[in-house]
There are 2 protein chains.
Amino acid sequence: MSMHQLLRENIEQHVHLTEAELSGFTTLFELKNVSKKQMLLKAGEVCRFEGFVTKGMFRVYHIDKNAAEQILYFAIENWWITDIDSFTNERPSQLFIEAIEDSEVLLISKKDKEFAYANLPKIEKLFRVMTQKTHVALQRRMIDNLGKTADQRYAEFIEKYPQLFRRLSNLQIAAYLGISHEFLSKIRNKIAHKR
Amino acid sequence: MSMHQLLRENIEQHVHLTEAELSGFTTLFELKNVSKKQMLLKAGEVCRFEGFVTKGMFRVYHIDKNAAEQILYFAIENWWITDIDSFTNERPSQLFIEAIEDSEVLLISKKDKEFAYANLPKIEKLFRVMTQKTHVALQRRMIDNLGKTADQRYAEFIEKYPQLFRRLSNLQIAAYLGISHEFLSKIRNKIAHKR
DNA sequence: TGAAAAGGTTGAACAAGTTCAATAAATGAA
DNA sequence: TTCATTTATTGAACTTGTTCAACCTTTTCA
């Protein structure tokens with residue numbers, strides 16, 4: 001099985017490509033090993049890649065003026081990572097991307113992605129469709145954040161992403177939910193003792 | 001000036017099209033008048049349109065099991081409105097779209113949009129680019145919601161969207177910020193008396 | 001293997017935000 | 001113009017979530 005097999009399967013879930021298109025596109029990616037705690041992107045840098053995770057796990061987050069971290073999303077195997085804003089507009093990023101496990105990621109450069117847009121018409125559709133799906137998911141999360149308490153958001157996080165839940169520390173989950181880790185601990189205590 | 005002029009200008013801000021592409025695409029839209037308080041979409045219905053607002057203002061919102069409203073976004077002149085999830089997947093919407101002023105909107109059906117995707121290759125790019133921009137904006141809002149207090153979010157809302165602020169009631173703004181309107185009133189009082 | 005670092009829990013005091021109810025002000029429709 | 005409806009304000013009691021500090025457990029890595 002090719003190193004790019006996971007990527008090929010992921011693409012096929014979104015659009016149908018010919019074998020030529022698929023291999024033409026996937027060969028533009030390069031594998032990178034990223035060890036735990038290593039940064040793939042730091043705020044202030046321009047994001048030069050779009051990545052597809054084949055192993056491990058990343059967190060994409062922001063650090064505010066009080067040094068608090070807000071996690072925008074996690075990416076495990078089969079997920080894409082980038083700072084779209086920084087990548088597409090070549091402007092300094094506001095985000096950090098860090099490996100939280102020893103990881104492997106397939107990277108494509110802006111030049112190669114633009115080559116794909118220009119020469120492989122279906123790739124435009126691929127990214128339109130993927131961005132739409134990501135956007136719908138973020139809309140749901142936004143609505144949940146506007147209307148639900150931390151208890152509810154935590155319960156739904158566990159239910160929706162059990163595979164993330166098992167691999168994440170409570171600090172990470174708290175930063176994703178937008179609450180302090182102490183308060184998450186109290187929520188967990190309440191859940192454990194209620195029954 | 002054509003009824004579609006605003007639409008043409010909006011498209012040109014995102015991608016460059018030939019005159020043939022531009023008119024081929026814009027003629028697929030149909031003007032609809034929507035009077036204040038009229039619904040363009042109700043939860044449970046399938047969203048059959050994608051719309052471009054040429055006059056007035058809409059709110060796109062969710063109603064939770066406690067009958068509380070969360071506003072996903074507002075759309076005034078020059079903004080797009082739809083429930084992407086419902087529109088693209090033809091599944092029942094979870095959202096409401098309501099005119100909050102007497103409004104005019106240019107609508108395109110799914111069939112016509114698919115015709116455009118199939119026959120006007122640049123349209124695929126147009127919607128990829130627009131969805132990316134919308135997504136970046138929502139990511140920023142998500143980060144703000146995770147890390148900032150209601151006071152800060154309100155101040156930044158006014159600064160970022162003064163043209164919305166002037167036209168909206170505090171009830172609407174509170175539902176957008178994810179706070180009760182009473183609490184927004186207290187924030188406003190604090191701002192007014194603090195100097 | 002052992003010391004240091006990171007993660008998790010708990011309590012107390014506090015701050016942020018909600019709920020409910022009462023009242024006032026602005027808007028709209030006949 | 002008027003009456004009804006919607007919007008805005010305020011206070012009191014309450015709930016949700018934060019902060020800080022202390023302490024304990026688990027993981028890491030030299």
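Throughout, a chain's letter reflects where its sequence line sits, starting with A, and its residues are numbered from 1. Predicted model, so just to flag it, every value in this text is computed and none were measured.
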**Q** Starting from the C-alpha separation in whole Å, work towards a yes-or-no answer on salt bridge (Lys or Arg N to Asp or Glu O under 4.0 Å) for A:K110 and A:E114.
**A** CA-CA 6 Å; A:K110 189 170 171 63; A:E114 267 163 10; 3.3 Å; yes
**Q** Choose from D:dT10, D:dG17, C:dT10 the nucleotide whose nearest atom is closest to any side-chain atom of A:A150.
**A** D:dG17
**Q** In this structure, how many angstroms lie between the P atom of C:dG7 and the CD1 atom of A:I173, rounded?
**A** 12 Å
**Q** Could you tell me, to 10°, how much the axis swings from one end of the helix from C:dT1-D:dA30 to C:dA30-D:dT1 to the other, five pairs per end?
**A** 60°
**Q** In terms of the angle between their ring planes, are B:F25 and B:F29 parallel, tilted or perpendicular, with boundaries placed at 30° and 60°?
**A** perpendicular
**Q** Is the distance from the ring center of A:Y161 to that of A:F165 below 6.0 Å?
**A** no
**Q** Assign each of B:K36 and B:G178 to its nearest nucleotide of DNA chain C by heavy atoms, then name whichever residue's nucleotide is nearer the 5' end.
**A** B:G178
**Q** Could you give the CD1-to-P distance, from A:I191 to C:dT10, as a whole number of Å?
**A** 13 Å
**Q** Would you state whether a donor and an acceptor, one from the side chain of B:K186 and one from the base of C:dT19, lie under 3.5 Å apart?
**A** yes
**Q** For A:I179 and D:dG17, what is the distance between atoms CD1 and P respectively, to the nearest whole Å?
**A** 7 Å
**Q** Can a side-chain donor-acceptor contact be found between A:E182 and A:S185 if the only test is distance below 3.5 angstrom?
**A** no
**Q** What integer distance in Å separates B:Q70:CD from C:dT18:P?
**A** 12 Å
**Q** Please tell me if B:R188 has a side-chain N or O lying less than 4.0 Å from either OP1 or OP2 of D:dA8.
**A** no
**Q** A:F74 and ring-ring contact (aromatic ring centres under 6.0 Å, His included): which partner among A:F58, A:Y176, A:W79?
**A** A:Y176
**Q** Which listed nucleotide (D:dT18, C:dT9, D:dT9) is nearest to the side chain of A:F183?
**A** D:dT18
**Q** Base, sugar-phosphate, or nothing for A:S169, non-hydrogen atoms under 4.0 angstrom?
**A** sugar-phosphate
**Q** Please give me the minimum heavy-atom distance between A:R188 and A:Y154, naming the atom from each residue.
**A** NH1-OH, 3.1 Å
**Q** How long is the line joining NE2 of A:H181 and P of C:dG11, in whole Å?
**A** 16 Å
**Q** When we call it a touch if two heavy atoms are under 4.0 Å apart, what does B:K148 touch: a base, just sugar-phosphate, or nothing?
**A** nothing
**Q** Take atom CD of A:E101 and atom C1' of D:dT27, then tell me their distance rounded to the nearest Å.
**A** 14 Å
**Q** Below the 4.0 Å mark, does D:dT9 have OP1 or OP2 next to a side-chain nitrogen or oxygen of B:N170?
**A** yes
**Q** To the nearest Å, how far apart are A:K190 NZ and C:dT10 P?
**A** 14 Å
**Q** At under 4.0 Å between heavy atoms, what does A:T149 touch on the DNA or RNA strands: base, sugar-phosphate, or nothing?
**A** sugar-phosphate
**Q** Of the nucleotides D:dG17, D:dA8, D:dC20, which one has an atom closest to the side chain of B:L171?
**A** D:dA8
**Q** Which one of B:I71, B:L40, B:L41, B:I63 satisfies the side chain to side chain contact (heavy atoms under 4.5 Å, CB included) criterion with B:F96?
**A** B:I63
**Q** In whole angstrom, give the distance that lies between atom CG of A:L146 and atom P of C:dG17.
**A** 13 Å
**Q** For the OG1 atom of A:T134 and the CG atom of A:L138, what is their distance to the nearest 0.5 Å?
**A** 9.0 Å
